[in-house]
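Heads up: the structure comes next, in structure tokens.
Everything numeric here is computed off the predicted structure, so don't read it as measured data.
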Amino acid sequence: MEKPSTTMEKPPTTTASKSYWRWSKQDFFPEPSFRTAKTYGTAISNIGPRLKDRLLNRSTDSHELVVLPNASENRMRRVLTAWDLTWLAFGSVVGSGIFVITGQEARFDSGPAIVLSYAASGFSAILSALCYTEFAIDIPVAGGSFSFLRIELGDFVAFIAAGNIILESLVGAAGLGRSWSSYFATMVKSDADFFRFRVNSFAPGFNLLDPLAVAILFIANGIAISGTRKTSILNWISSIVTTLVILFIIVVGFMHAKTSNLVPFLPFGVQGVFKSAAVVYWSYTGFDMVATMAEETKNPARDIPIGLIGSMSMITVIYCLMALALVMMQKYTEIDPNAAYSVAFVSIGWKWAKYLVSICALKGMTTSLLVGSLGQARYMTQIARSHMIPPFFALVHPKTGTPVNATLLITIFSSVIALFSSLDVLSSVFSISTLFIFMLMAVALIVRRYYDRESTSKTDLMKVVMCLSVIIGASAAGAALWGSQTFGWIGYTVAAVVWFLGTLVLSFLPKQKSPKVWGVPLVPWLPALSIGTNLFLMGSLGSEAFYRFLICTGVMFVYYFFIGVHATYDVDHQTIPETRHDEGVVDAGTTQGVLK
């Protein structure tokens, strides 16, 4: 099904006829379904046909690139280069987990083998980065994975991704805020909970209130609102300093290393390695934020591959070395799970280095917050442009060129979560949500290469669907067997063979599309491997993480059934009231038509 062309497909232009700060119902719910109680009742009564329409609806490259940005009324400015993207990736990733999760996982789940956990997660992250790179070059828009999935897998799957992106944004920002508070507390007093207030009547994991985390979230997001270029400059200056301190940590760590601390190397077994790998994946998240900056990149085709793939390869090596330095400096049973590196330096008698490491960790987490604020708001902007959430949050401020409303939304909700939720609760939810989105991205890349809606026959489409079903099913089965420890290596071998056969058959099918500029090599093998590794890491998480994930997904479905499906249906089938620009009239919602 194809969206009909529209004469209104032109870039957004600056508007002077409306104030940015406006709060009417029309700005939040302009769709006909929400006009009156009667129209809403009619929409609810037609939920069945509308859901079917959403399941079959797919966007197009041109629609995401040209039409949807009109809803923002003002342009995002193309100010970023390969240098900016490289350091944005570095600033977003380094500090978002290595200083936070390493100690926790080495102490409780993997021991010295945390090094292998980082290597496994890094491999999976690089595979996902390859998928993101191809899409971001072909479709350089602010929506990142949301837009990519909407084009290839359809509106409904994109909503599932959108809900998880929002969950990832809120939980990730909240986790960083809590971690920032912990490290700052260890600098002031050797107590990670020094600035927190205990409320005994609240459930464990939610009973330590953290006002400092809330404050740092508001400061970081305030800087991000001020302008993309300003935030980028601040990030790469800070990231260069962080790199120097990281080199110091690695060198000094190996100078005081004891090989005896590596024994036993696998105290929790191989299962512990992969359980930690699934959690420390948080340390690699953030690179997808670079894909959301494509709309503000001067030369996406050249700059994005350098920024994404180059930085992720470097970061994987750095993480493995940092993890190894930690477990060789201090016995894993003595590692502090809240501020591992600071306490490790105290243990070797370098008390002064504790403050240097804590400052570096704070700087790393601060840059992660800054870049995260940029990327999360741009995800939210594109989601709002599609009307899956109110289009009020799609507006770009005319002076700063940034999505102020979307940034404020992220700030407020992540601050509420950060105030109550502990780090271990946040990290497991964050990891499963991220892995799920990365798995969908690999599926979308295979669909993009093997399916063209205009030329692919139904027979060929069914072959692709069957191969993908075998790949996903075998990967999920292998992950389930690993998590349940059922059938042992025989079960894993059977799952791997089935995965291999599914991928092999798919490799013989004719490809329908080629990348426009740069493409992932060895398709379908690398994206199929990405599907397998992401599902395997998901299966390594505990059942509690899945329960939380399913509860959050259930809440998303409730929202979709009562709001999202009707808003997006109206945008596709009705004309949303016009927004006037100083260069003419542009339809803010755009009439996309029925896809048949």
Practice task
Give a yes or no on this: more than 12 heavy atoms of other residues, nucleotides or ligands lie within 6.0 Å of atom NZ of K516.
Solution key: yes

Problem - Steps toward side-chain hydrogen bond (donor to acceptor under 3.5 Å, both in side chains) verdict (R78, T228) - result: CA-CA 9 Å; R78 291 190 178 275; T228 302; over 6 Å; no

Practice task
Taking atom types as modelled, find out whether Q382 and S147 have a side-chain donor-acceptor pair closer than 3.5 angstrom.
Solution key: yes

Practice task
Could you please spell out the steps behind the side chain to side chain contact (heavy atoms under 4.5 Å, CB included) verdict for L501 and V470?
Solution key: CA-CA 9 Å; L501 292 175; V470 170; over 6 Å; no

Handout entry: Validation row: R77, T402 side chains within 4.5 angstrom (heavy atoms)
Key = no

Handout entry: Straight-line distance of M380 CE to L170 CG, nearest 0.5 Å
Key = 6.0 Å

Problem - Main-chain N/O of V273 paired with S117 side-chain donor or acceptor, under 3.5 Å - result: yes

Problem - Heavy atoms from other residues, nucleotides or ligands near CZ of F413 exceed 12 (cutoff 6.0 Å) - result: no

Exercise for the section: Could you tell me whether F561 atom CZ has more than 12 heavy atoms of other residues or ligands within 6.0 Å of it? Expected result: yes

Practice task
For D452 and S455, test the side chains for any donor-to-acceptor distance below 3.5 angstrom and give the result as yes or no.
Solution key: yes

Exercise for the section: Nearest 0.5 Å please: distance from the CE atom of M556 over to the CD1 atom of I160. Expected result: 9.5 Å

Practice task
May I ask you to test the V520-T133 pair for a side-chain heavy-atom distance under 4.5 Å?
Solution key: no

Exercise for the section: Check whether any side-chain N or O of T456 sits under 3.5 Å from a backbone N or O of R453 as a donor-acceptor pair, and report yes or no. Expected result: no

Exercise for the section: Determine, stepwise, if the pair R378 / E295 fulfils salt bridge (charged side-chain N to carboxylate O under 4.0 Å, His left out). Expected result: CA-CA 9 Å; R378 281 142 188 83; E295 192 170 317; over 6 Å; no

Practice task
Verify the distance criterion only: is there a donor paired with an acceptor across the side chains of T81 and D303 at less than 3.5 Å?
Solution key: no

Exercise for the section: Return yes if a side-chain donor-acceptor contact under 3.5 Å exists between S283 and Y118, otherwise no. Expected result: yes

Fill in the blank from the handout: Only one of Y284, Y132, F148 passes ring-ring contact (aromatic ring centres under 6.0 Å, His included) with F438, and that residue is Y132

Problem - Separation between CE of M388 and OG1 of T568, rounded to the nearest 0.5 Å - result: 5.5 Å

Handout entry: Heavy-atom side-chain proximity of D155 to S59 below 4.5 angstrom
Key = no

Practice task
Examine the side chains of S72 and R385 and answer whether a donor and an acceptor come within less than 3.5 Å of each other.
Solution key: yes

Problem - Note, F146 side chain near S386 side chain (heavy atom, < 4.5 Å) - result: yes

Handout entry: Any L504 side-chain heavy atom under 4.5 Å of W525 side chain
Key = yes

Practice task
Could you check if a side-chain atom of T367 sits within less than 4.5 angstrom of a side-chain atom of S92, using non-hydrogen atoms only?
Solution key: no

Handout entry: Ring centres under 6.0 angstrom apart (Y492, W499)
Key = no

Practice task
Verify the distance criterion only: is there a donor paired with an acceptor across the side chains of Y379 and D288 at less than 3.5 Å?
Solution key: yes

Problem - Donor-acceptor contact present, side-chain R150 to main-chain A158, <3.5 Å - result: no

Problem - Short side-chain donor-acceptor distance under 3.5 Å, N534 and S530 - result: yes

Problem - Side chain proximity check, L468 to V447, heavy atoms < 4.5 angstrom - result: yes

Problem - Side-chain donor or acceptor of S124 paired with backbone N/O of A120 under 3.5 Å - result: no

Exercise for the section: Drop me the distance from L130's CG to L522's CG, to the nearest 0.5 angstrom. Expected result: 10.0 Å

Handout entry: Modelled atom types, side-chain donor and acceptor of S276 and D109, under 3.5 Å
Key = no

Handout entry: D138 vs K513, salt bridge (charged side-chain N to carboxylate O under 4.0 Å, His left out): CA-CA, chis, key distance, verdict
Key = CA-CA 12 Å; D138 283 357; K513 291 181 183 177; over 6 Å; no

Problem - Atom pair CZ/CG of F536 and L481 - distance to nearest 0.5 Å - result: 10.5 Å

Handout entry: Main-chain N/O of F274 paired with S110 side-chain donor or acceptor, under 3.5 Å
Key = no

Handout entry: Distance-only donor-acceptor check, side chains Y319 and T102, under 3.5 Å
Key = no

